[in-house]
Amino acid sequence: MVKILKVGGSILTDKSGYASPRPDLIRQMASQLKGFPGLILVHGAGSFGHAPARRYGLPGKVTHEGLLFTHQSVADLNRQILEALTMAGARPLPVHPLSCLVMRDGRIVRMMTEPLQEMVDRGFLPVLHGDVAMDQVCGAGIVSGDQLVTYLASAMCAELVALGTDVDGVLCQGQTIPVLERADLSGLDLWERSADVTGSMRGKIKELLDLADNGVNSRIFNAAVPGNIRRVLDGESLGTLIRGGRA
Ligand code: IP8
């Protein structure tokens, strides 16, 4: 059983810039991740992924330059995050989705999870990220951190799934909704900050409701607040619980 944490690119990078890290927030995250056995970390791509993807017409347009440059850019963010995690004593190892999964029509159909399990079993922290990926139908596309989380949560029977964003959870009319089930969705006027190439809050909720349908609940919380990442990994009920239920 593993715990899966995703921290969004809107926290770790400045999305109004181009490949702009936020070193203080990267360090703040890293300082909370020492000493959690069984943890897998996925981080968003932020301005290291969405800006180059848009520039090269991804997803949709498949060029060598677009794939290579976008991958190298998100791998650079991953390298900076690994550096901070190493400094914090969290024993991280990088895992690049481009090299270990394949998609069909934008959805992961196969991913090699054995290396992740071995890393976790030996007390290391695997660190994945939103990436470009090969696709058996489209040639190539983008795999979001959110999709990685839901795939891994099902494939590796996660006991805890938490997605850290820069807002307090799923917001409706300025209020955080404590619990969200599929049946609640149609009546809600959800708050959305920005649409990026992988779909933002709406995309996240869709992924997590599908996961809840498969019996795995998850939580969306504010990972920018100091200490919240530790609290959520310790099992505190922060933000919004995305739950399987009535639908
Ligand atoms: O930030 C997107 O990943 P996300 C990955 O987790 C790219 O949605 C390359 C834009």
Side-chain angles (χ1 to χ4, degrees), residues 4-22 25-26 29 40-82 94-103 105-108 111 126-135 138-153 161-167 192-208 210-211 218-221 223-224 229 242:
I4 302 180
L5 169 71
K6 185 201 166 198
V7 179
S10 51
I11 293 183
L12 303 170
T13 75
D14 173 3
K15 278 184 134 176
S16 66
Y18 194 98
S20 316
R22 296 174 79 189
L25 284 161
I26 291 176
M29 172 192 74
I40 294 175
L41 173 65
V42 179
H43 65 79
S47 56
F48 286 76
H50 294 273
R54 252 184 240 110
R55 176 189 276 182
Y56 289 102
L58 280 161
K61 198 166 151 197
V62 177
T63 63
H64 173 243
E65 200 187 14
L67 293 175
L68 180 64
F69 187 83
T70 307
H71 171 72
Q72 283 177 333
S73 180
V74 291
D76 181 35
L77 174 63
N78 184 257
R79 186 192 54 73
Q80 296 185 39
I81 288 172
L82 259 89
V95 178
H96 301 298
L98 174 60
S99 316
C100 61
L101 66 80
V102 67
M103 301 197 291
D105 232 350
R107 304 299 302 173
I108 302 170
M111 178 170 184
V127 185
L128 298 88
H129 52 86
D131 202 352
V132 292
M134 300 317 291
D135 189 307
C138 316
I142 286 179
V143 61
S144 70
D146 294 343
Q147 193 187 157
L148 290 167
V149 168
T150 52
Y151 183 90
L152 291 174
V161 178
L163 283 88
T165 69
D166 61 348
V167 290
E192 186 81 88
R193 190 198 300 277
S194 68
D196 54 29
V197 292
T198 47
S200 245
M201 186 59 88
R202 244 164 243 287
K204 199 179 304 299
I205 291 169
K206 188 185 170 309
E207 291 288 349
L208 296 180
D210 290 347
L211 182 64
S218 59
R219 192 166 282 289
I220 298 179
F221 71 104
I229 291 177
I242 311 288

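Start at 1 and go down the list; that is how both ligands and their atoms are numbered.
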Heavy atoms only, cut-off 4.0 Å: how does Leu58 contact ligand 1, side chain, backbone, both, or neither? neither
Can you list the atoms of ligand 1 that are under 4.0 Å from a heavy atom of Thr70? 9 (C)
Report the residue from Gln147, Met111, Met134, His96 that forms a side chain to side chain contact (heavy atoms under 4.5 Å, CB included) with Leu101. Met111
Quick check: does any side chain N or O of Arg22 sit under 3.5 Å from a backbone N or O of Ser10, one acting as donor and the other as acceptor? yes
If the cut-off is 4.0 Å to any non-hydrogen atom of Gly145, which atoms of ligand 1 fall inside it? 3 (O), 4 (P), 6 (O)
What pair of heavy atoms forms the shortest contact from Lys15 to Gly9, and how long is it? CG-O, 4.4 Å
Check for a donor-acceptor pair, side chain of Ser47 on one end and backbone N or O of Thr13 on the other, with a separation under 3.5 Å. no
Compute the shortest N/O to N/O distance between His50 and ligand 1 and return yes if it is under 3.5 Å, no if not. yes
Considering both backbone and side-chain atoms of Ala53, is one of its nitrogen or oxygen atoms within less than 3.5 Å of a nitrogen or oxygen in ligand 1? no
Checking Asp14 side chain against Ser20 main chain: does a donor-acceptor pair fall under 3.5 Å? no
Which of the ligand 1 atoms, numbered from 1, are nearer than 4.0 Å to a heavy atom of Gly44: 1 (O), 6 (O)
Minimal heavy-atom distance between Asn78 and Pro94, with the atoms involved, is OD1-CB, 3.4 Å
Determine whether any heavy atom of Lys6 lies closer than 4.0 Å to an atom of ligand 1. yes
Relative to the heavy atoms of Ala45, which atoms of ligand 1 are at a distance of less than 4.0 Å? 1 (O), 2 (C), 3 (O), 4 (P), 5 (C), 7 (C)
Do Asp135 side-chain atoms and Asp105 backbone N/O form a donor-acceptor pair below 3.5 Å? yes
Is the shortest N/O to N/O distance between Gly130 and ligand 1 below 3.5 Å? no
